[in-house]
Each structure stands twice: as structure tokens, then as C-alpha cells.
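One structure below.
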Amino acid sequence: MILQSLNQFYERLAADPEIEIPSYGYSSQKISFCIVINKQGKLIQFSDIRRESGKRLISQEIQVCGGAKPSGSGLNPCFLWDNSSYLLGYKPDDPKPERTREAFAASRDYHLSLEKEINHPGYTAVCQFLRSWDPETAAEYPELAEAATGFLVFQVSGEERYVHETPEIKSWWDSQLESQQESQAAVNAFCLVTGKKQRLARLHEPKIKGVRGAQSAGASIVSFNASAYESYRKEQSFNAPVSEQVAFQYCTALNYLLSRDNKRSFTVGDATVVFWTERASPMEHLFSAFMDPDVKSEDESLRENLNRLLKHIAKGQYPNQELGDPETAFYVLGLSPNAARIAVRFWYVSSLGEIFTHLSQHMQDLEICGKPENALAMPAIWQLLAETVRDNKDLPPLLAGSVMKAILSGLAYPEMLYSSILRRIRMDRQVNYRRASLLKACLNRKTRLQTHFQLLKEISVSLDPDYPDPAYHMGRLFAELEKSQEDALPGINATIKDRFFGAASATPGSVFPRLIRMNQHHLEKLEPAGKTYHEKRIQEICQKLNMFPGHLNLQQQGLFALGYYHQRQDIFTKKASRKATEKTETV
């Protein structure tokens, strides 16, 4: 299903005249220099075709004949493009000059052997250059020192195209590809993707590049690198019969999605996530912004537009013009590094309408009071996951994928997410906006989806004085006791939260009696009006409690943290409201 969907995506890209994507038998390579020659094959210049990007020069992506440069220690010349070792017999600061001379000879002989067969003036000019070029003279051209990285191509002076782009030469190359398909030596069988009898790929190429943590030279989704994985005496990728053309197309489509320039990917934990739609859709350009927004973006108009769309989604208002037809199929693929291979972390197939529904539910589940003014309507996944660990490198690999799956599918959030948030709260005693929103989302969604887990009442966005679970009110009481301490001892460095929050949320029966006794001393230090105010608020909360149990389970500990958070937000909301009222009365 994954390969089939990627293959269909490639065909969609190939049919789009505005998108440049290599055809079967071609590849996109980083070209740095052009060898400009005249029609007689005499060198005119080495032209630097790199372009500026900031303070550095980067190579141009140009489609060339053949796949990526083959790896290995053998001699493997490419057709009308290659590195300076093969095309010029030159390599700056060369540690193996003999190997470089052999590479040039192999490339020269390869091209000369095809001269009569191709029979084209431009190609003949290249052959004349290769015959007359002396690698010993390369040092006379200082610009070649920059050609150590990247590849080179040929161009005949006065021609707009590079030599390999000449229609006659491309036609010859295509005929070679067709003859390879019909070769008797080829392994032909039914392709699992198309169902047609075609030449099978021994290796699935080009290599997949762009998966974070994978080998820089590229890796494979489908590969068999040991006999233990083979069966019926079929070696390598013949165990997964896919035609060479389909292998090329799905790998090329995946590389297109992974390219940073196309903004069709983002990272979640150790997974690199790519996405696409069955038909062209605005969602293809918006999904990464939804899931991984640039929170540091200085483009205010972009942030405002993104926030506007997110608010529409939160309200359940599907914006057809911005997102596209809700019936359009939508695909999400999560990839993780696995040595020379790439592991599929998750694969999700849905529609734009269904994705919209689940994103809307996710945002509603996360909604809670106290959101920072500059925060987007939906926090990025990495921001949520960052609340579960002290350092991002400690993030469990499976957690990110599980959270992503829950968001996209509407399933319950993983238990590990909930327990990790509670663990972090116990360790650093911080109940911030994102942690509180995650606790609320986990508990409410679990109540809706799992019959064996039921809260007495779903948790509200803000303070709920009538919530039926005592654990929630214990958290409220702790917040009020802390506030009375802060008012009695202004500027105190450590409050009861720093010393007792973890114990109070787990074993309230052994902690709260002591806190209440301490609170009497704090109240005595307040002015009469302040003392009365705090006593009244504490008494209102205590009326909801009959006793302090000896132990609270994980569900109740989450309610305790949420009660604490809601009460603190209520305290400061009322304080801000009182100040605004006093300011108005003064005016």
C-alpha cells in the first residue's frame, strides 16, 4: 500500500508541468561546473554554475542520464556527467593519483565506445575533448580547485542546452532503457505494485535521502542484506518483486517529499514524517505548518493566517478554499533510521475531512485556560513532547509516533504520555499551560473512548467549583494554601509547592494536616481583610472534602494537578480583574 501510493504520487507529479521531477532512467544531481567546449572539442572554459545562497555557493539540481553515482571501489563512469576524477582525471590534493588516472581512462573509453552508435555532433565534440585532454594540465586552471565537490556536465559553446539534454541523445538513452527491459538476462516477473510482468529491480534505487539519523549516502525501505531474510532461493530485492520502473518512481517520489525545499516533511521525535494527498490540495502546503509551526517566525502575516485557520479548525468550521475537497485521500508516513535501512514508524491513510475532524478534536481536547498571548491555537507536537522529558534526547522513540497516531486517528493518547507528564510534574513541581492541557486531553479522551475508564465528569476548560471528584478539590486547596503563604511571606524563595507538591498529590492523608497547621501561622501574619479573604476561600473548598485519603492513584493525581492549575489561574484572573476595576474607578 505504501509503495503503491508513492508510485501514484510520482505519476501525479510527472503529469504536473510546473514540477520538475526525473523520469525513469534519469536522476537529479548537484552540478557545480560546466565544461564548455567548441564544436571541435577544444576547451573554452570551466564555467562555475553554482548559485549564491546567503554567504555560500550551492550546486544546481540538474537532471542527468542515469541514476545516482554508484558506490563501491570499482570503476563506474556516468554518461555525460561525473566528478572531476572521471571527466578530467584531476582531484585537488589527490591521495590516490593512480586511481584517478584509471577513473579518467575508464570514463574516456566508455564514452568513445559509444561515439559511432550515437553519431551526434555534440557528443562527437565531447569525445574529441576526452581524446585531447591531458589531466596533467588541470593544475593550470585554478577554478578547478572548487570542483572537488559536486559534479560536472558538458556544454557546446553557442548551445542553450547541456550536451546530455540534446533531444537526439536523450532519445538514444531512452532506447537503451527499453532494450534493457527486453533483455533476456533480465529477471522478469509480475510486479507487486502494478500487477504487470516487468523487469524486476535487484536493488531499489535511488537511495532514500533526507531521513534524519539515516546514512548520509542514503538508505532503503526495501532491502535484503542477509540470506536469513531470503526465501525460495531468491536473492536481494527479488524477494519483494517490484519492477525497476516502479522502484525508481516510488524512491524518487519519496526523495521529493523529503527534500527540504518542498516543505513536505517534519520531524517528530526520531521519526521523519512525510505527507501528500491523492490530488493537488492546499493542505499539502499547510499540514507541516499545522503540526510543526515555525514558532520563531518573524512573518506576522503568516502567523496570523495560520492562527486564523487553526481557530476555524478548533471550531469545527471546515474551510474548503484553504484546505481543499474533504473527500481527497490523505497519506502520512513516518520513517525512522535503522542502519542502512529505513524503518516505517507509522503509516496512516485518511481523507482531508477526517483529518480535519481529528485535528479539531485534538485542539478541543487541549483547550484550557491560561494560554499565553503569543501562543498559536495549536501547539506543535515537539512542544508537547518536550514537556515529558528533561532533555529531548531522552524522548522515547515510540512515544512520538504513538502521539502522532492518536492525533491523526482520534484514538486515545498513549498512557506513556500521561504518566510521563505526571513524572515531570513530581520532579520539577511545575504545572504549566502545556502540561495541564495534556493531562486534560488524556483524561477526557480516555473517558470518551474507553468504557472501562470513566471520569465522574469531563474536565472543563477553566475552574469547575462543582467537580465531583475530591482529588480535584485537593489540588485547589493546595493552590489556596500556597497563595496564602505567598501573601503572608512576600518574596519567599520556596513555597509549599517546592517542598510538598509531589507528596500531597500522591499521599494527601499524610501531608495536608501539616499544611493546614502551617497555614494557620501564615494567616496570622496577614491583615484582617486578607485573613478573612483567604479563610473564606479555603473554607469553600474544604466543604467539598470529607477526608484526606492515604493514597491517590494516577488518574486522581492528574485531577489533583488540574485542580491546582485551575485554581491558580482563577486566583490571578480575579486579581487582574480587581486591578482593572480599581483602575477604572480611579479614572
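What you see is a predicted model, and the numbers here were worked out from it, not measured in a lab.
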- prompt: Mind checking whether Trp133 and Phe46 have parallel, tilted or perpendicular rings, split at 30° and 60°?
  reply: perpendicular
- request: Check side chain to side chain donor-acceptor pair (under 3.5 Å) between Ser402 and all other residues, then give those that pass, not counting sequence neighbours.
  value: none
- line: Residues at least two apart in sequence or cross-chain that pass ring pair (Phe, Tyr, Trp, His ring centres under 6.0 Å) with Phe330, listed by chain then number, are Phe287
task: For Asp394 and Val389, indicate whether the former's side chain and the latter's backbone hold a donor-acceptor pair under 3.5 Å.
output: no
- request: State plainly whether the residues Arg279 and Asp325 are in salt-bridge range, i.e. N to O under 4.0 Å.
  value: yes
- prompt: Relative to Tyr413, does Arg445 satisfy both conditions: NZ or CZ under 6.0 angstrom from the six-membered ring centre, and within 45 degrees of the ring's axis?
  reply: yes
message: Tell me whether Asp270 is salt-bridged to Arg345, with the criterion being a basic N under 4.0 Å from an acidic carboxylate O.
response: yes
message: Between Arg448 and Asp365, does any NZ, NE, NH1 or NH2 come within less than 4.0 Å of an OD or OE carboxylate oxygen?
response: yes
Pairing residues for Ser132 by the side chain to side chain donor-acceptor pair (under 3.5 Å) criterion, not counting sequence neighbours: none
message: According to ring pair (Phe, Tyr, Trp, His ring centres under 6.0 Å), who are the partners of Tyr318, at least two apart in sequence or on a separate chain?
response: Phe356
task: Tell me whether the guanidinium CZ or amine NZ of Lys446 lies under 6.0 angstrom from the six-membered ring centre of Phe453 and within 45° of its axis.
output: yes
Counting only pairs under 3.5 Å, give me each side-chain donor-acceptor contact of residues 150-157, with atom names and distances, residues two or more places apart or in other chains.
residue : atom : partner : partner atom : Å
Gln155  : NE2  : Glu159  : O            : 2.9
Gln155  : NE2  : Glu160  : O            : 3.3

message: In this structure, is the centre-to-centre distance between the rings of Tyr250 and His204 below 6.0 Å?
response: yes
message: I'd like to know whether the aromatic ring centres of Tyr10 and Trp276 sit less than 6.0 Å apart in this structure.
response: no
task: List for me each residue that meets side chain to side chain donor-acceptor pair (under 3.5 Å) alongside His120, sequence neighbours excluded, and say none if there are none.
output: none
